[in-house]
Asker: 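Structure in structure tokens, see below.
Below, read A as the first sequence line, B as the second, and so on, with proteins coming before strands; counting in each chain starts at 1.
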2 protein chains.
Amino acid sequence: MSQPESTDARPSTTTDATGLADMPDSVAAGAINHAILRVARLHRMLAGQLLRRVGLHPSQELVMMQLWDRGPQRQTDLVRLLGSDAATMTRTIRRLENAGFVRRRPSPTDKRVTIVEPTAASNALRTEVEQVWMDLETSVAEGMTPAQQAEVIEVLGRIEESLARATSQEA
Amino acid sequence: MSQPESTDARPSTTTDATGLADMPDSVAAGAINHAILRVARLHRMLAGQLLRRVGLHPSQELVMMQLWDRGPQRQTDLVRLLGSDAATMTRTIRRLENAGFVRRRPSPTDKRVTIVEPTAASNALRTEVEQVWMDLETSVAEGMTPAQQAEVIEVLGRIEESLARATSQEA
DNA sequence: CACCATTTACTGTCCGAACAAGTAAATCCG
DNA sequence: CGGATTTACTTGTTCGGACAGTAAATGGTG
């Protein structure tokens with residue numbers, strides 16, 4: 001029953017830039033998947049640790065950053081900008097409102113929409129959140145050369161493209 | 001779809017009271033962070049779509065794969081292997097148990113531990129889950145040359161290393 | 001042996017993510 | 001004009017993730 005073949009998630013050194021003639025079990029083992037999951041988990045964990053200091057939960061800072069950068073937004077726009085979910089956004093906005101960082105206002109032209117805007121009180125948060133965001137970016141980029149950082153962005157973009165294609169096909 | 005245009009409401013160069021050092025705009029804008037978040041979200045979304053077909057929720061498949069690969073495990077071991085949380089694991093195991101994929105057995109030598117083992121019924125799942133895992137890996141890797149795939153793994157490993165270092169320091 | 005710190009598992013609570021379903025308003029179209 | 005459809009938002013539910021607190025068992029040390 002047990003399949004002793006390639007239970008290891010990391011081939012670690014397939015880094016021979018030479019032949020690559022073999023199409024190894026890496027796909028079967030899901031090496032890239034595992035790597036993405038580990039990165040995602042660590043990234044979320046670190047972001048959570050940093051955001052806790054400013055009193056926000058992960059994802060709330062993304063909403064605030066959109067509002068700070070782009071000004072008042074409809075909830076639907078926030079959903080679209082963040083690739084989130086309408087139901088989730090409703091609750092996140094409510095919590096941000098209860099925390100005093102956001103205000104909700106009905107649209108005068110369309111009675112369906114509610115416009116979300118950052119409060120003056122939220123401005124105190126802005127610097128802190130941007131500091132957290134920079135700390136996070138620095139933690140990832142530190143120890144990398146600028147060329148490596150550019151490579152990271154390129155590679156992540158490639159993955160994103162693949163995933164977006166697969167997701168849309170799946171839908 | 002690549003450049004988040006970062007409407008600069010502020011020029012991210014020093015002279016503010018926060019004592020921020022000069023940084024490349026890319027760091028201030030958090031380009032890598034954004035990219036990681038997008039990849040993580042898409043990856044989770046796609047995994048969720050695929051896993052739904054086999055009746056599992058994301059992360060449950062990871063527990064099952066550990067059990068299939070390594071045999072019966074203590075909950076603590078599963079937590080450690082998956083980098084998860086003890087509380088989360090308790091509930092995930094309970095759901096897998098209710099679904100009939102897992103059985104729990106008290107350890108004869110240590111009355112604190114419960115040993116989790118896959119049921120015979122779960123074997124039917126195994127092939128499906130492995131297929132999902134391969135589909136997922138294929139979706140990510142497809143359209144990439146083997147060299148690019150190797151580059152992806154290398155880059156993700158580099159990010160993981162940075163994040164792991166930062167996370168441990170933060171703790 | 002007795003005491004105490006550690007380990008293991010569980011529960012409660014709060015949060016985001018996702019799906020389903022429902023309501024109200026706006027828009028489209030015949 | 002009026003019904004059908006689309007849009008915007010909300011609520012209910014289930015899940016993973018994380019923190020805090022608890023209880024029981026274990027293991028080491030005085």
Side-chain angles (χ1 to χ4, degrees), chain A residues 37-38 40-64 73-99 101 104-116 167 170-171, chain B residues 37-38 40-53 55-64 73-80 82-99 101 104-116 167 170-171:
Chain A
L37 286 178
R38 284 195 302 269
R41 182 163 47 79
L42 284 170
H43 188 263
R44 187 174 186 82
M45 195 181 310
L46 183 57
Q49 289 177 359
L50 295 176
L51 284 170
R52 170 186 289 255
R53 301 175 182 172
V54 304
L56 290 183
H57 293 266
S59 283
Q60 293 182 345
E61 92 281 15
L62 298 176
V63 174
M64 294 310 302
Q73 300 282 320
R74 305 183 308 159
Q75 280 187 209
T76 293
D77 292 332
L78 290 172
V79 167
R80 183 178 42 79
L81 288 168
L82 299 179
S84 180
D85 176 271
T88 300
M89 189 57 68
T90 292
R91 294 168 173 115
T92 297
I93 295 296
R94 182 166 57 222
R95 283 166 188 137
L96 287 172
E97 189 180 24
N98 292 341
F101 299 136
R104 311 174 68 182
R105 184 164 47 83
S107 166
T109 67
D110 190 331
K111 291 181 183 174
R112 293 171 302 179
V113 325
T114 70
I115 295 181
V116 185
T167 305
E170 219 60 45
Chain B
L37 286 178
R38 283 194 302 269
R41 183 162 44 78
L42 283 170
H43 188 264
R44 188 177 184 78
M45 195 180 311
L46 183 56
Q49 288 176 359
L50 296 176
L51 283 170
R52 174 192 293 245
R53 302 175 181 172
L56 290 182
H57 293 266
S59 282
Q60 293 182 347
E61 93 280 17
L62 298 176
V63 173
M64 293 310 302
Q73 299 282 321
R74 305 183 308 159
Q75 281 188 210
T76 293
D77 292 331
L78 290 171
V79 167
R80 181 177 42 79
L82 299 179
S84 179
D85 177 89
T88 300
M89 190 55 68
T90 292
R91 293 167 176 117
T92 297
I93 294 297
R94 182 167 55 222
R95 285 166 189 138
L96 287 172
E97 188 181 23
N98 292 341
F101 299 136
R104 310 175 69 183
R105 184 165 46 86
S107 165
T109 67
D110 188 332
K111 292 180 183 173
R112 294 169 302 179
V113 326
T114 71
I115 294 181
V116 185
T167 304
E170 219 59 44

Asker: Given dT8(C), dG12(C), dC15(D), identify the nucleotide with an atom nearest to the side chain of A87(B).
Answerer: dG12(C)
Asker: Quickly work out the R105(A) CZ to dC9(D) P distance and round it to whole Å.
Answerer: 13 Å
Asker: Without decimals, in angstroms, what is the distance between M45(B) CE and dA17(C) P?
Answerer: 10 Å
Asker: Check the distance between dA18(C)'s P and L50(B)'s CG and give it to me in whole angstrom.
Answerer: 14 Å
Asker: Identify the heavy atoms of R41(B) and G83(A) that sit nearest to each other, and give their distance.
Answerer: NH1-O, 3.4 Å
Asker: Enter the distance from L62(B):CG to L51(B):CG here, rounded to the nearest 0.5 Å.
Answerer: 8.5 Å
Asker: Is the distance from OP1 or OP2 of dC9(D) to the nearest side-chain N or O of T90(A) less than 4.0 Å?
Answerer: no
Asker: Between the side chains of T92(B) and Q60(B), is a donor N or O closer than 3.5 angstrom to an acceptor N or O?
Answerer: no
Asker: To the nearest 0.5 Å, what is the distance between CG on L56(A) and CG on L96(A)?
Answerer: 7.0 Å
Asker: Would you indicate which nucleotide in dA18(D), dA26(C), dC19(D) comes nearest to any side-chain atom of R52(A)?
Answerer: dC19(D)
Asker: Is the phosphate of dA18(C) approached by T88(A) (side-chain N or O, under 4.0 Å from OP1 or OP2)?
Answerer: no
Asker: Using atom CD of Q60(B) as one end and atom C1' of dG17(D) as the other, report the distance to the nearest whole Å.
Answerer: 14 Å
Asker: Please determine if a side-chain N or O atom of R95(B) lies less than 4.0 Å away from the OP1 or OP2 oxygen of dG16(D).
Answerer: yes
Asker: Could you check how far CG of L42(A) sits from C1' of dG17(D), rounded to whole Å?
Answerer: 14 Å
Asker: If we ignore hydrogens and angles and just use 3.5 Å, is the side chain of Q49(A) paired with the main-chain N or O of A47(A) as donor and acceptor?
Answerer: no
Asker: Counting only side-chain heavy atoms from C-beta out, which of dC19(D), dG16(C), dA9(C) sits nearest to D85(B)?
Answerer: dC19(D)
Asker: Assign S59(B) to base, sugar-phosphate, or nothing according to its heavy-atom contacts below 4.0 angstrom with the strands shown.
Answerer: sugar-phosphate
Asker: First locate atom CZ of R74(A), then atom CZ of R112(A), and finally report the distance between them rounded to the nearest 0.5 Å.
Answerer: 8.0 Å
Asker: Quick check on dT10(D): is either OP1 or OP2 less than 4.0 Å from any side-chain nitrogen or oxygen of Q75(A)?
Answerer: yes
Asker: Counting the atoms with a prime plus P, OP1 and OP2 as sugar-phosphate, which does T76(A) contact under 4.0 Å by heavy atoms, base, sugar-phosphate, or nothing?
Answerer: sugar-phosphate
Asker: Applying a 4.0 Å non-hydrogen cut-off, can you work out what R94(A) is touching in the nucleic acid: base, sugar-phosphate, or nothing?
Answerer: sugar-phosphate
Asker: Contact class for A86(A) vs. all strands (heavy atom < 4.0 Å): base, sugar-phosphate, or nothing?
Answerer: base
Asker: In whole Å, I'd like the distance from the CD atom of E97(B) to the P atom of dC10(C).
Answerer: 9 Å
Asker: Report yes or no: is there a donor-acceptor pair, N or O only, under 3.5 Å between the side chain of R112(A) and the base of dT7(D)?
Answerer: yes
Asker: I want to check one thing: is the phosphate of dG16(C), taken as OP1 and OP2, less than 4.0 Å away from some side-chain N or O of T92(A)?
Answerer: yes
Asker: Which part of the nucleic acid, if any, lies within reach of R91(A) when heavy atoms closer than 4.0 Å are counted: base, sugar-phosphate only, or nothing?
Answerer: base
Asker: 5'-most contact on DNA chain D: T114(A) or R44(A), nearest heavy atom basis?
Answerer: T114(A)
Asker: Given dC10(C), dG16(D), dT8(C), identify the nucleotide with an atom nearest to the side chain of V113(B).
Answerer: dT8(C)
Asker: Just N and O in the side chain of R74(B): are any of them under 4.0 Å from OP1 or OP2 of dT8(C)?
Answerer: yes
Asker: Please report the distance, rounded to the nearest Å, between NE2 in H57(A) and C1' in dA17(C).
Answerer: 15 Å
Asker: Just how far, in rounded Å, is P of dC9(D) from CE of M89(A)?
Answerer: 10 Å
